[in-house]
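Order of the sequence lines sets the chain letters (A, B, ...), proteins ahead of strands, with each chain counted from 1. The shown structure was predicted, so the numbers you read here are calculated from the model rather than taken from an experiment.
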Protein chains: 2
Amino acid sequence: MQSIAFIFYFCPNKIMNSKKITIHDIARKLNLTASTVSRALNNHPKISDATKKLVHNAAKELNYRPNTIAASLRRGKAKSIGLVIPRINRNFISNTISGIEKVTSENGYNLLICQSEESLEKEINNLKTLVNNRVDGILISISLETNTSKHIKTIINDGIPLVQFDRFRSDIETSKVINDNFQGAYDAVKHLIDKGCKRIAHFGGADIISIYAERIEGYKKSLIDNGLEVDPSLIFNKILNKEEGYKIANKIFDSKIKIDGIFAASDYSALGAMLAARERNIKIPEQIAIIGFANEPFTEFVSPSLSSLDQFGVEMGISAARLLIEKIESKQKEVIPKTVIIRPKLIIRESSK
Amino acid sequence: MQSIAFIFYFCPNKIMNSKKITIHDIARKLNLTASTVSRALNNHPKISDATKKLVHNAAKELNYRPNTIAASLRRGKAKSIGLVIPRINRNFISNTISGIEKVTSENGYNLLICQSEESLEKEINNLKTLVNNRVDGILISISLETNTSKHIKTIINDGIPLVQFDRFRSDIETSKVINDNFQGAYDAVKHLIDKGCKRIAHFGGADIISIYAERIEGYKKSLIDNGLEVDPSLIFNKILNKEEGYKIANKIFDSKIKIDGIFAASDYSALGAMLAARERNIKIPEQIAIIGFANEPFTEFVSPSLSSLDQFGVEMGISAARLLIEKIESKQKEVIPKTVIIRPKLIIRESSK
DNA sequence: CAATTTAATGCAATCGATTGCATTTATTTT
DNA sequence: AAAATAAATGCAATCGATTGCATTAAATTG
């Protein structure tokens, strides 16, 4: 007796870590077949309630853990969804992931997450991994480097449901969930004009990415619709972080270019501009009104607080995941690609009041 | 001819979406066996270079995609790692995930992510899902609600490698990567005292979670070591967000309690306190110096900018993932549990200068 | 050149759950 | 009570890759 306790005390892992229980073990114990056990566990209608109860009890007693992998192999599907995003640690993206995870887990799907780190090569590899893992569907927001749709088309031709969200390629027919970047930009610029701005600069992203191209278009259209003209020398590309925003703002202040407003495609570049202005005692919003994009958490707390456009990240993730699951689970092969457009909401704060 | 082109044009999916190629298809094409093909693809030494080349070419030509699931079933392992965290969309956590994903993907593991949403019940379910998916190992940061280790012990007894990070249970022997919360708190409070504070309040979290308990202890020890005494009426628990910080600060200001410094376990509660002070024209840091915890992005941008403790999220994720993979891949069953302690770095900003 | 070693490949079982079809048992109908 | 129907369970193949052991072919040795 003593020695048994002794062994248990020192090697609990070894002792307890018995081999995994399978449906065959349960079947043997109950004098049934694996098929019956399988059906009982899956609540198949043709199995009597009595046996179901027996099986469930035995499963509990033996501490049975179903082997998802085996089931996946047999079914040819893994009940899992792959997600490819540029980076996880971005406020907006982690919000979308949160929404996605909520929906997928509610529907019994596992979520496989890959970061492309803004690299096309990694993005391609990520997709390969997901295909090899036989995911039921893929959600993707493309990298900044992605200037082709070939890899994505391959996926679609393989018959794997795919939904794009946020950053997307428009030359492929997929469902997608996107922000109305045009409208957001339009609204922001209109607001600046309403506040009296006449010379509004735009700090944009890489215009090969559609979301940034659209913001530029919205900016232009808003100017024109509101009686101002587009001055190409006020449009700056690839200004997305604080440092670049700071640099460009300083460059403008040093030059002869006069501006009284900035619409930035990123809160960070807007912040950079704010800091540059502050250093020169240029009053915000009196001398320059500023609006950013994405409604990063810090925008609320800086001073002056920064006007911005909220993108509803969680909601976007939820819709994207729902669209994908709908497509996965629809019997009829052909689901008409849907585009869900979320209109960003202008949050007016001190920087443009 | 015409008609073929026609068909291709209208139904590319149907045509191209042929059944998945398996190693048997490759074998058949080359007059070999599946075993040989499998070995060739895995670069087995006993297969001649000639056949390897043949197999690889055929694989490419047929657009072969290995079925990871089948391999996983056979191997009993999925080359995947499970991650359980309270929420994805928190700056610190998304940073750790980013680090984790980097390491796991570099080592050929998939990452399965689950959110517990601060619920013990969900945390338990998450673990079940991961076990059913036969993950090779698990990384976990526990929920606020988790007041037991039973579910985690089960995992360990099942022989599944598990590493805790950030929020952890100390009554289970696992490797872990944690912040030196005691030291961080100690440093922060010492800094406040050095700046002349005599009556420092602490806005803490739930003290059943060790990281918060440690911050309290560090706070106390620092007071004592530096010749001040601990006044329990200055310690407030479960004050972790802006609203609560704002509320408690106001309560203090309304009372007879005099304070000249706040060390908060969260940047958000620190911010709430800042806003409350600002409303009453209490000068920061002259009348009250404030330090937060986590170095959230906004801390740099508020004004006055908020001193805080940086937790090195990405590095923490990297270490945790490395520890886990090391454990998974070590041949000898018994790996001595290691604890990696990352010392938070005090970032001194205007709020405590 | 026979005997032995080495290299390369094949055979067949296996991982664990699922599922179409067959079979048995129980129930109902005529 | 025989026949027909329904209900419950069993049989056996299957999903695709891996792997220990056997086998064949080629190379080496004495």
- Take A:Ser149 and A:Asp171 through the test side chain to side chain donor-acceptor pair (under 3.5 Å) and record every step on the way to the result. CA-CA 7 Å; A:Ser149 298; A:Asp171 58 348; 2.5 Å; yes
- Between CG of A:Asn43 and C1' of C:dT18 the distance, given in whole Å, is 16 Å
- Return the nearest nucleotide to the side chain of B:Leu32; candidates are C:dT18, C:dT9, D:dG10. C:dT9
- Query: Between B:Arg322 and B:Glu326, is the closest basic N to carboxylate O distance under 4.0 Å?
  - Reply: no
- Which of A:Ile47, A:Thr36, A:Ile23 passes side-chain contact (heavy atoms from CB on, under 4.5 Å) with A:Leu41? Answer is A:Ile23
- Query: Expressed in angstrom and rounded to an integer, what is the separation of A:Ile69 atom CD1 from C:dG16 atom P?
  - Reply: 10 Å
- Message: Mind checking if B:Thr51 touches a base, just sugar-phosphate, or nothing, with heavy atoms under 4.0 Å?
- Response: sugar-phosphate
- Task: Answer with yes or no whether the side chains of B:Thr51 and B:Ser48 bring together a donor and an acceptor at under 3.5 Å.
- Result: yes
- Query: Rounded to the Å, how far apart are B:Leu41 CG and D:dA17 P?
  - Reply: 9 Å
- Can you check the B:Ile23 CD1 to D:dT14 P distance for me, whole Å? 16 Å
- Show your working on side chain to side chain contact (heavy atoms under 4.5 Å, CB included) between B:Phe165 and B:Ile100 and close with a plain yes or no. CA-CA 11 Å; B:Phe165 67 98; B:Ile100 290 167; 4.2 Å; yes
- Message: Test side chain to side chain donor-acceptor pair (under 3.5 Å) on B:Lys52 and B:Asn43; report intermediate values, then the result.
- Response: CA-CA 7 Å; B:Lys52 279 182 188 170; B:Asn43 205 24; 3.0 Å; yes
- Message: Over all strands shown, is A:Asn31 touching base, sugar-phosphate only, or nothing at heavy-atom distances under 4.0 angstrom?
- Response: sugar-phosphate
- Over 12 non-hydrogen atoms of neighbours within 6.0 angstrom of CD in A:Glu118: yes
- Query: When you measure from the side chain of A:Ser48, which nucleotide among D:dT18, C:dT9, D:dT9 comes out closest?
  - Reply: D:dT9
- 5'-most contact on DNA chain C: B:Pro45 or B:Gly76, nearest heavy atom basis? B:Pro45
- A:Asp25 CG - C:dC15 C1' separation (whole Å): 13 Å
- Starting at atom NZ of B:Lys79, determine the distance to atom P of D:dA17, rounded to an integer number of angstrom. 18 Å
- Task: Looking only at non-hydrogen atoms, find the nearest pair between A:Ser98 and B:Asn89 and report the distance.
- Result: OG-OD1, 3.5 Å
Please tabulate, one pair per line, each protein N/O and nucleotide N/O from nucleotides 19-25 of chain C that are separated by under 3.5 Å, including the distance.
from: C:dG20; atom 1: O6; to: A:Arg39; atom 2: NH2; distance (Å): 2.6

- Item | Whole-Å distance separating the CG atom of A:Leu73 from the C1' atom of C:dT18 | 10 Å
What donor-acceptor contacts under 3.5 angstrom involve side-chain atoms of residues 74-81 of chain A, with partners at least two apart or in another chain?
from: A:Lys79; atom 1: NZ; to: A:Asn107; atom 2: O; distance (Å): 3.0

- Determine, for nucleotides 23-28 of chain D in 5'-to-3' order, which nucleotides have protein heavy atoms under 4.0 Å from the base (write B), from only the sugar-phosphate (write S), or from neither (write -). ------
- Message: Rounding to an integer number of Å, can you tell me how far B:Ile47 CD1 sits from C:dA8 P?
- Response: 8 Å
